[in-house]
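Below: the structure, in C-alpha cells.
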Amino acid sequence: MPSKFLLGKAPFQRSVDEKKISTTRMMVDVIIALTPIILFAWIKNGLYPYIKEVNGCTIWKMLEPLVFVFVGGLASFIFELVYFCLFKKVRGFKNLLKTTWLDYAIIPGLILALILPYGTPIWVLLVGCLVANIIFKMLFGGFGHNIFNPALIAYAFLVAGYAALLTPGTAISIGDALSSTATVTPLTNYQGNLGATYEALVAPYGSLWNFFIGTIPGALGETSALLCIVGFIYLLIRKVINWRVPVIYVGTVFILSWIIGIVNGQTGLWYPTFNILSGGLMFGAVFMATEPVTTPKSQVGKVIFAFALGALTVLFRHIGSYPEGVATAILFGCLFTPVIDRFAAVQHASPINKKVKTKYIFASLLILAIASYAVVKAIPNGPKGSDEVKITFNDQTLSQDLASLDFYGNFMVGNSNAKVTFTYKNKVITYKESDVTLTDSQKEEVLTLVKGKLPSTFIDSISTMENDIIIKINQKGFGGNIIVDVTINNKVITKYEIISQNESYSEEYNTGYDNKNGDPITDYPSQLVGDIDINSLSAISGATITSTALKSVYSYAKTYIQAMASMPLMVFSSELTQDSAFADIKTNYTSYQSENKDYVLEFDAICLINGEVKTVTFNYINKELTISNNINGLNDDQKAEIIQKAKKLLPNTYISNAKFDSDCVVLNVIQKGYSGNISIDITVKNKTIDKFTIVSNTESFNDEYNSGYNSLNGNPINDYPNELIGNNVDTNNLNAISGATITSNALKDAYNYGLLFVNYLSKGVDD
Amino acid sequence: MILKKIKGVHLNGHKAMSLNQPINNYLSPNKIYLPIVNGNIIQTKLVEVGQNVLMGQKVLMREGRFGHPVCSPVSGKVTNIVKMWHSCGKMVEMIEITNDMSERKVEDFGKPLENLTKENIIERIKNAGIVGLGGAGFPTYIKYQPEANAEVLIINAAECEPYITADYVLIKEKTQELIQGIKYMMIACGAKNAKIAIKKSKKEAIEVLNTALTNEPEIELFLLKDVYPAGWEKFIVEAVVKKTYNSLPSEVGAVVNNVQTAIAVCEAVEQNKPLIEKVVTITGDGILNPQNVRVKIGTVVEDVIKTIGGYTQDMGPAYFIAGGPMTGRSIMFDNLVITSNLGSVIVKKKDEHQDNPACLGCGKCSEKCPAHLTPTEIKNAFEASDEIALAKLHAEKCVQCGLCSYVCPSRIEMTEYVGKAKDFLAKANMKK
C-alpha cells in the first residue's frame, strides 16, 4: 500500500523556513539598528549634561530623552492594540499582543520620537503616534497597505498643526554643554544663504567632524551621521535594505549641492559634505527612504526613486519654507511609488529596445529637470532671496581712495563679504561698483547704510591753477564742516586757505578759551604751509576741536602728497583749457597771415606722471590730440593713456583751428551736439560774426524718433545758420526748436563762443 | 545594462546526503509503466495488451513535428493499461509491462554506428528516443536539426537545484562515455567547440574532468557561480556566449544539452541502446539512505525506495516531491512512475512555518527574478484581472523557477500567483 504524503506548493525550500530571513526579523533588525542612535541621543541630551552638571539638569531631565523615545514606541503599540481590540474584534490578550506585534506597531512611534525636535512636549508626541498608527496606518489597512510612511506623515501633520511647539530651544543639549552656541539647527543658517561661508555654516558648531559624530543641535535621532552609517551597514549585512536608495540618494544631494556651492562661490568639498551631514538626510536616507512598504519595490524603481528624492530634497531645501527638505521629499516621493513601480516593472521585463531606452531617457530627463530647477533656483540673484538677505555695514565709516577720490566700505551681504565703492560728486554719494554682485534693491539698501558715514576728513575735489594743484578738503569741525583749499606745488603745501567754516568760540561759551591765546581760524592757515611737524603746533586751548580739525586737514594733505608717489597716471585738470587761444590768434594774426598757415590749437593739462606733477601740452591737429611738449620719462604707453584721458576732458566748445584771410578770420569751432560733434566755421570780419556755416554734423531728428519734433516747426541745422549772424543776436530770445532742443542749444553755444572772441577782439585792438 | 544581468541566489545545497554512496543499480523491476499521455504529449500505442515485447522494442510513437519512438526498457508482456501517478501531479493512463527478467533484446541492439556522419548520428539519436534528461524532456535530435551549423555545444552540468546529485555522480563514473557523447554531438551539430558548464563548487567533478580533458583541446570547462538558477538554459548561454536570446539558444549559435543526455547519445551511437535507463536521485531527510539509483524508465518509485532502505522512522508529515525542491511537485502517494523527465525524488519533512504577515514590499522577489519580472506587480495585475497590464509586465516570461517564493520574507506564494497569471494571460491570448 503506497504511503500518503502532504500536498504543498513549490518551492519546497524557503529562505524563511531556513531562518535566513523573515519579515519579523527584518523589523527587529530595524529596531536594533536604531538602538545605538537612541542611546547616543540619550547620552548627548541627557546623560552628558547631567554629568557635566549643566544648570537645570535634573535626574528627570537626564532621563527625558530615553522616556521620550520609549513613550513613542509604547504609545504606538497601545493605540494599535486598542484598535485591534475595538474594530478588528481580536479577542484574547495573548492573541492581541501577537497581532499587534506582527503589525510591527512600535516602529512608527519610535521613528517619530527620533525625528521630532527634542524638547517637543510629550502630549504632542502622543498626538503624533495616534495620527501615525491609527489614521495613516490602520485606516489604510494596516501593515503593508499604508501609502505614506506613518512616522513621516505624522511628522508633517505635527509641523502643520503644532509648529510653534516644535521649535527646539527648551532642551539642554551637548551643544550647550560644550560651547555656548545657539540651538538653531544648522540648516536654518543655510536657508536663503546659499553662498554662506564655512565660518557661517559650520564654524558655529565646531567642525564637520561634529556633524559626522552628531554633537550638533537637532532632532533626537537624526544628528549623528556616523551612527546612521553604522545602522546602514548593519541593515545591509542583514540584507534588510538594499544599498541603492541610501547611496544614490545621498550621492545625488552631494553632487547637486556641490554644483550649487560652486555656482555660489563655495568651491570647497566641505559645502556638499555639510549638505549631506545636516538636516537628518542620513537618517532619512537609511531609515525612511528604505522603508519597504511605501517605497518602490523593484530595483529599477528604487534607482529612479532615489535620484528623484535627491533632486527633490535639494529643491525643497532651496525653495521650501521649511529648512529641512528630507521629510517633504520622501513624502512627495511616496506618492509616486505605485507609478514608479509599474513603470519600472514594465521596463525591466521588456527586452531592451529603442522604445524602452526612450522611456528611460525620458525618466532621467524628468529627474534632471527637477535637479536643474533646484540648481537654477539656488543661483544668486534669483527671484527669491534678494529681499531677505541681510546686509550690514562692517566698517561703519567709509574710507577714501586717494587716487580716484571714490569712497569704499566693507559690507556683509548675506554671508559673503563685499567691498562696495561709491562716487561722491556735488555732495551726492552714488553707488559705483561692488566685488559681489548686488541686486538693485541691495544697492539701495547699501546706499542708505552709508548715509552720513563719510570720513571726518576727505578730499572733495581737485582743481588746478597753472602748475598748482588745489585740493578741496572737507573737514568735520566743531560747528560743522570746514572747507579748506590746500594748494600744492611741487609736493609742497604752498597755501592753506579756509574757504568756509562755521566754528564759533567765544570766551563766554567755551570755557578755557581766551582770545589772547589766538584763533586757529585766523592763525593756522599761515602756519600750516611748507613742511612742518604737526605735533609741534600746540592746539589752542578752548578751541581744541577746531585746532585739531585744521591740523587734520594739513595731515590729510600731507598724506595725499605722499600717496601721489604711488598713484597711477592721472590728469588733474577737470577740463582741457584753451585760455590763451584768443590772445594767440590775436597777437599772431599778422604773422600767421603772412606765412599763410593755420593756427594750431594748444591745450594744457596738469597731470601726475610717475608721481610727479607735470604740465602736458596737447596739440589738436587733424582732429587728433598729440602731446607737443617734451616730458621726461614718459613712455609710449603712458602717452597713449594720457591722450585717452585727455580726450574725455575736451570742453564742449573749442576752436579746432583758425584760418586767416586778408580781411577775416575763420574759426573752426567744434561743438558737442546731440549725437556727436558739430563742426562749425564762424567767419569773423570787422569784429562781427559774418558767417555761420555748419561744416559737418551727425545730428538726427525726425518725426518718428524724436517725440515732440515736428518738421513743420523748422530744423536748427538748416534754419539757425541764417539767424546766428551779426553780433546782436540774443540767444535767449531765440526759441529752441522743440524736439531738437539740444541741437538748437549747441548751435547757440557755438555762436556765443564766437561772440566771446569778437568781444575779445573789441578790447581796443585793431584787426 | 547592469540591471539586466541575471544574478541568481545561492541556495543551501543539501547535496552531501546523496553523494556518499555510488550509483546503485535497480534494473530488474517486476513491472514498468510507460505513460501514453506524457504531460501534454499524446503518443500512439504500437503494442496491444497481451503482446510480448523485447527490450528496446518501440512500444509508443510520438507523432508530429517532434516525433520519436519510446522503447520498452524490459522484455516481457504488456499486461494492462492502468492509471498511475505521473510527475505532472496527475494520474495518467500507462501501459503496464510485466518483466520476464530474460532481458531478450531487439536484433540490432548493441550494434555500433559505423559511419559517423552528421545525418547518421541524428538518425540514431532520433531512433533511440533520446529526450533531454535535464527535466524538460524535449526531443534531443530536434536541437541538431537546423541546417545552419552551431558554433558551440554547451553541456549543462550545473545541476543547480538543491538535493540533486545525479549528474555530479555520473560525471565521475562515466567520464569517458560523457566525452565520447560530446564528440558525437559535436559532429551532429557541427560545432567546433564544446563547453562543459559546471558549478565552481563541484570540485571533485572538475578535477576528474580536467584530467580526462587533457587531450581534448576542443572541449573546455566553463565554471559557473554556485547560484540558482545557474542551470537555466538562458543563464548558461548568457554566461558562456555573453549574448542573450529571446526563445531558443540557436539564435546565438549555441546548442545546450544535459550530461545524462550526452551519455545516452554515446550509448546510442556505440551500442545502439535506446533510452531505457536513467539515474535518479532519491534523497531528502525522509529517506533512510539517500542515494543515486540507476533505474529502468517506468519503474515505480515506491519499489525503489523500499529496495534502498525505505523511509526514516521519525519521518512524520512530509512532502513527496517529484523533481527538485524548487520546481518540483508534491505527489500525494509514492507509487509514482519514473518518466524520462524525472530527475529526482525528494522526501522532505515539513518545515515549521513562520507566521505569515502581509507583503512588506521589500522587493526581493523582483531583485532576484532571473527573468527580470516584478512578481508583486504581476500579482496586483492578476488580482485585478488586468490582461493588458499582465501583457505589458510580460508575465509569460516566467520560468517558474520558484526564486520569488524562496526569497519572500513573508512566505507569500509568489511563484503560484505568477504561474496563475501566466496561465490567465495565455488563456486570454487564446480567446483573441
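If you're wondering where the values come from, they're calculated on a predicted model, not measured in any experiment. All chains are named by letter (A, B, ...) in the order of the sequence lines, taking the proteins before the strands, and each is independently numbered beginning at 1.
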Over 12 non-hydrogen atoms of neighbours within 6.0 angstrom of CD1 in B:I388: no

Is the CG atom of B:D423 crowded by more than 12 outside heavy atoms at less than 6.0 Å? yes

Got more than 12 heavy atoms from elsewhere within 6.0 Å of NZ, B:K379? yes

Is the CZ atom of A:F254 crowded by more than 12 outside heavy atoms at less than 6.0 Å? yes

When rounded to the nearest 0.5 Å, the distance separating OG1 of B:T376 from CG of A:D341 is 6.0 Å

Looking at B:A318, B:G324, B:A358, which one has more heavy-atom pairs under 4.5 Å with chain A than the rest? B:A318

How far does CZ of B:R411 sit from CD1 of A:I21, to the nearest 0.5 angstrom? 14.5 Å

Keeping the roles fixed (side chain from B:K397, backbone from A:A349), state whether a donor-acceptor pair exists under 3.5 Å. yes

Please report the shortest heavy-atom distance between A:S15 and B:Y406, naming the atom on each side. OG-O, 2.5 Å

In this structure, are over 12 heavy atoms from other groups packed under 6.0 Å from A:K94 atom NZ? no

Show the numbers, then the answer: is there a side chain to side chain contact (heavy atoms under 4.5 Å, CB included) between B:S366 and A:H348? CA-CA 10 Å; B:S366 69; A:H348 194 47; 5.9 Å; no

Rounded distance (nearest 0.5 Å) linking atom NZ of B:K368 with atom CD of A:Q299: 8.0 Å

For B:E416, is there an ion pair with A:K9 - N to carboxylate O distance below 4.0 angstrom? yes

Residue pair B:G402 / A:P11: nearest heavy atoms and the distance that separates them: O-CG, 3.1 Å

I'd like to verify something: which residue of B:T244, B:L393, B:L360 has the highest number of heavy-atom pairs under 4.5 Å with chain A? B:L360

Over all atoms of both residues, closest heavy-atom pair of B:G361 and A:K297: O-CG, 3.3 Å

Centre-to-centre under 6.0 Å for A:F12 and B:Y163, is that the case here? no

Tell me, do B:K364 and A:N242 make a side-chain contact under 4.5 Å, heavy atoms counted? no

Interchain contact, A:Q13 with chain B, by part (heavy-atom threshold 4.5 Å): both

Taking side chain as everything from C-beta outward and backbone as N, CA, C, O, which of these in B:V300 sits under 4.5 Å from a heavy atom of chain A? Side chain, backbone, both or neither. neither

Checking heavy atoms, do the side chain of A:K239, its backbone, both or neither come under 4.5 Å from chain B? both

Identify which of B:T374, B:V9, B:I305 forms the greatest number of heavy-atom pairs closer than 4.5 Å to chain A. B:T374

Near A:F136 CZ, under 6.0 Å, is it more than 12 heavy atoms from other residues, nucleotides or ligands? yes

Whatever's closer than 4.5 Å to a heavy atom in chain A on B:E377 counts as both

Nearest-0.5 Å distance that lies between atom CG in A:D17 and atom CG in B:N12: 11.5 Å

Of all of A:A10, A:G142, A:P338, which one pairs up most often with chain B through heavy atoms under 4.5 Å apart? A:A10

Measuring from atom OH of B:Y319 to atom CG of A:L7, what distance do you get when rounded to the nearest 0.5 angstrom? 9.0 Å

Tell me, for B:I321 versus chain A, whether the close heavy atoms (under 4.5 Å) come from the side chain, the backbone, both or neither. side chain

Under 4.5 Å from a heavy atom of chain A, the part of B:S405 involved: both

Is there a side-chain contact between A:F5 and B:I331 (heavy atoms, below 4.5 Å)? no

For A:R342, does its backbone N or O pair with a side-chain atom of B:K392 as donor and acceptor, under 3.5 Å? no

Non-hydrogen atoms of chain A under 4.5 Å away: do they reach the side chain of B:C404, the backbone, both or neither? neither

